[in-house]
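Owing to the predicted nature of the structure, the values given are computational and were not obtained by experimental measurement. Throughout, protein chains are lettered first and strands after them, A, B, ... in sequence-line order, and every chain is numbered starting at 1.
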2 protein chains.
Amino acid sequence: MKALPTPSGTETGAVTIYDVAARAGVGIATVSRAMRGSAPVAEATRARVLAAVEELGFRPSHAGTSLAARTHAANGIVFPDLSGPYFAEVLLGYEEAASRLGRSVLVLATHGRPDADAAVRDLAGRVDGLVVLGRTVPDETIAALGDVPVVVVARPVLAGVDSIRADNLTAARTLGEHLAGHGVRRVAFLGSPEESPDVAERWRGVRDGLGAHGIEPTVTPCLFDEDSGTRVAAGLLAVRHRPDALVCANDEIALGAIVAAEEIGLRVGRDVAITGWDDVMAARHARPALTTVRQPMRALGSLAAEVLDERITGDRTTPRHELLTTDLVVRDSCGLHP
Amino acid sequence: MKALPTPSGTETGAVTIYDVAARAGVGIATVSRAMRGSAPVAEATRARVLAAVEELGFRPSHAGTSLAARTHAANGIVFPDLSGPYFAEVLLGYEEAASRLGRSVLVLATHGRPDADAAVRDLAGRVDGLVVLGRTVPDETIAALGDVPVVVVARPVLAGVDSIRADNLTAARTLGEHLAGHGVRRVAFLGSPEESPDVAERWRGVRDGLGAHGIEPTVTPCLFDEDSGTRVAAGLLAVRHRPDALVCANDEIALGAIVAAEEIGLRVGRDVAITGWDDVMAARHARPALTTVRQPMRALGSLAAEVLDERITGDRTTPRHELLTTDLVVRDSCGLHP
DNA sequence: TCGCCACATGAAAGCGCTTCCTACGCCGTC
DNA sequence: GACGGCGTAGGAAGCGCTTTCATGTGGCGA
């Protein structure tokens, strides 16, 4: 609104490449070349052009550029949801890496909205490539994106599509065996495996790990938030032969479960073991501190950006599949240490 | 890579408005009108066009559209950083509201990078409006954005620019008075007021509230993460006449401070009061639970998107300044309740 | 001294869309 | 029966940029 924007003074709209060309006394092609370095320009001319750019405060219009150059210099990322530390961290890593690679980031949270499909397709139309997390849209939608490079994160491998995942299976097995070592007998898994491929893997791993010790866990569906954790755990713990271990699909559920256990007078880590997944900040501050599994969330995001970039630049044409390691973090909520 | 993308089969690139026009046997102008409803089109023609659109899987190119219509259908949001629950929640609210309003969201984290200025200007060139959080870029940068609508969040009011803030001052005063009621005498504020306008307000409010009871707090600079909180608090608590209350600029610092206090055998809530700000998840799970101030983070984000939209659509031309209320959440870390 | 070549540059053709302006039917009316 | 008006649709001109193609200039070798 102030007079600041256009040093030239009178202009209303933005300054275009024509203004710069006129000012520098050259053609628009030369301005373009001087700025992008796409072809040689005499040193004196380049200096003149850059001076004009500076004086006029010229910023090339992105719409014009992407139309002509058929590129967007932007990446997309699709989340099922944006709440919780997990997604924030992944986004953080992604944004950091993408902007280091000179790309803007467009975020989209499908959040269970019915038109998620259309939203993703729309997004695909304004980026050079995109990352899709977990169960946001069906495989068909991804396949139908056509020639826009896609990297899936925390989702099963899809033919021809790059993927990046954390190794849920191994850590889950280790967790199951660790719990068996604590002498638990009746184990309940809280979470909905069918809601997320990641959770399905965790469930499978835990079952394997416990199964090796003759323990057969049960699964109880549960939304991935604290309140649901409290509610579901309360129901589970209220019965006569209650479980002596609650393996939760994420930390939020586990933290909620701890509340439920304490409410009915159970000592977490003694009367009942409770474990989470993700190692969010609250996990280590809770008392008893939560036994959980740490996954490299930020690395998941930054690696996704890098893998995607290879596709966009065409540096690589064969699919790449990465499996990042996770760590079991043993604290007090799973039982007293020997 | 598969044959899925273009039902027409042979096409390599994307299908354009010309393809649709040819298929429907109309001109491109009619296709545009039929799709956007910008002018009346005979019902039969419209049906024919829409059928062609459907069959060809036509998606208008965003670059073409924004170039011709001089609009981007996208909003930007600039964060100083993306870590921590605060920003994630704000983004969540923003994305939700923006996409409800039919706009994509571009995120940018300046993260102390030296070219933040250029990055913000670049961002401004690809959106219809943007939100700037806290101390990411100087006022001049915002002013120089010219005619791109801007809404600042958690930042002092700027002439002619819409703003949305949480009421730090009132809650901070209340917090100061509450602590005074607990009988504290030596109060240290942990955080760097000069780093963030929000924090400066919190510091001012706390000082006011305590000052009313004859207590003069001191301020100790501190980065806004747990480790810094632990380190700074450890230093503060190690001296002979240690503070009996640590007022922390955010929950991360406070949680870190609790660790430091417990490490040297102090009982938080008895020997030393510790308070935070934000009410993150870990605050209520920590033991003792953290006394803190809850701010409507998600509302901050969604309101920003709405206020921005009013500017973009031109529904409003006078600045709007919103101050959202915050709540003191008293738990155990600030002292035993009478 | 003449001719050729490399280099630097400008003109112009799009990129895919929106929209103004014009043209064409068809209807109702005098 | 001819004319004006309205509803509908097409042509074409941009939007701001990149890039191809053609042109002009100077320098060099012969």
Quiz prompt | Protein-to-nucleotide contact annotation, 5' to 3' order, nucleotides 4-9 of chain D [B base; S sugar-phosphate only; - none; under 4.0 Å, heavy atom] | solution = ----SB
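A side-chain donor-acceptor contact under 3.5 Å links B:T313 to the backbone of B:D309. With A:R103 contributing its side chain and A:A98 its backbone, the two residues share no donor-acceptor pair below 3.5 Å.
Toward the 5' end of DNA chain C, the nearer of the two residues A:A39 and B:S61, judged by each one's closest nucleotide, is A:A39. Nearest-nucleotide mapping onto DNA chain D: of A:S38 and A:G64, the residue sitting toward the 5' end is A:G64.
Rounded to whole angstrom, the span from the CE atom of B:M35 across to the P atom of C:dC17 amounts to 9 Å. Rounded to an integer number of Å, the gap from A:Y18 OH to D:dT18 P is 11 Å. Counting to the nearest Å, the P atom of C:dG16 and the CG atom of B:D19 are 9 Å from each other. Across the protein-nucleic acid pair, B:D128 atom CG and D:dC15 atom P stand 19 Å apart, rounded to whole Å. Whole-Å rounding puts the A:H62 NE2 to C:dG16 P distance at 19 Å. Between the CD1 atom of B:I17 and the P atom of D:dG10 there is a distance of 12 Å, rounded to whole Å. To the nearest angstrom, C1' of D:dG16 lies 16 Å from CZ of A:R70. At whole-Å resolution of the value, CZ in A:R36 and P in D:dG16 are 18 Å apart.
The only option from A:E322, A:R155, A:H321 that meets the side-chain contact (heavy atoms from CB on, under 4.5 Å) definition with A:I164 turns out to be A:E322.
For B:T16, taking side-chain heavy atoms from C-beta onward, the closest of the listed nucleotides C:dA12, C:dG16, D:dG16 is C:dG16.
Summary of helix geometry: the two end axes of the helix from C:dT1-D:dA30 to C:dC30-D:dG1, each defined by five base pairs via their C1' atoms, are inclined to each other by 60° (rounded to 10°).
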Can you list, pair by pair, the side-chain donor-acceptor contacts under 3.5 Å of residues 36-46 of chain A, counting residues two or more places apart and other chains?
none

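A donor-acceptor pair shorter than 3.5 Å can be found between the side chains of B:R113 and A:S99. Using modelled atom types and a 3.5 Å distance limit, the side chains of A:H72 and A:S66 yield no donor-acceptor pair.
Contact annotation: the side chain of B:L133 approaches that of B:P80 to within less than 4.5 Å [non-hydrogen atoms, C-beta and beyond]. In this structure the side chain of B:R48 reaches within 4.5 angstrom of the side chain of B:V26, judged on heavy atoms. Between B:N75 and B:Y94, the closest side-chain pair of non-hydrogen atoms falls below 4.5 Å.
Contact annotation: B:S32 side-chain N/O to C:dT18 OP1/OP2 distance is under 4.0 Å.
Residue contacts for B:G25: at a heavy-atom cut-off of 4.0 Å it reaches the sugar-phosphate backbone alone, with no base atom in range.
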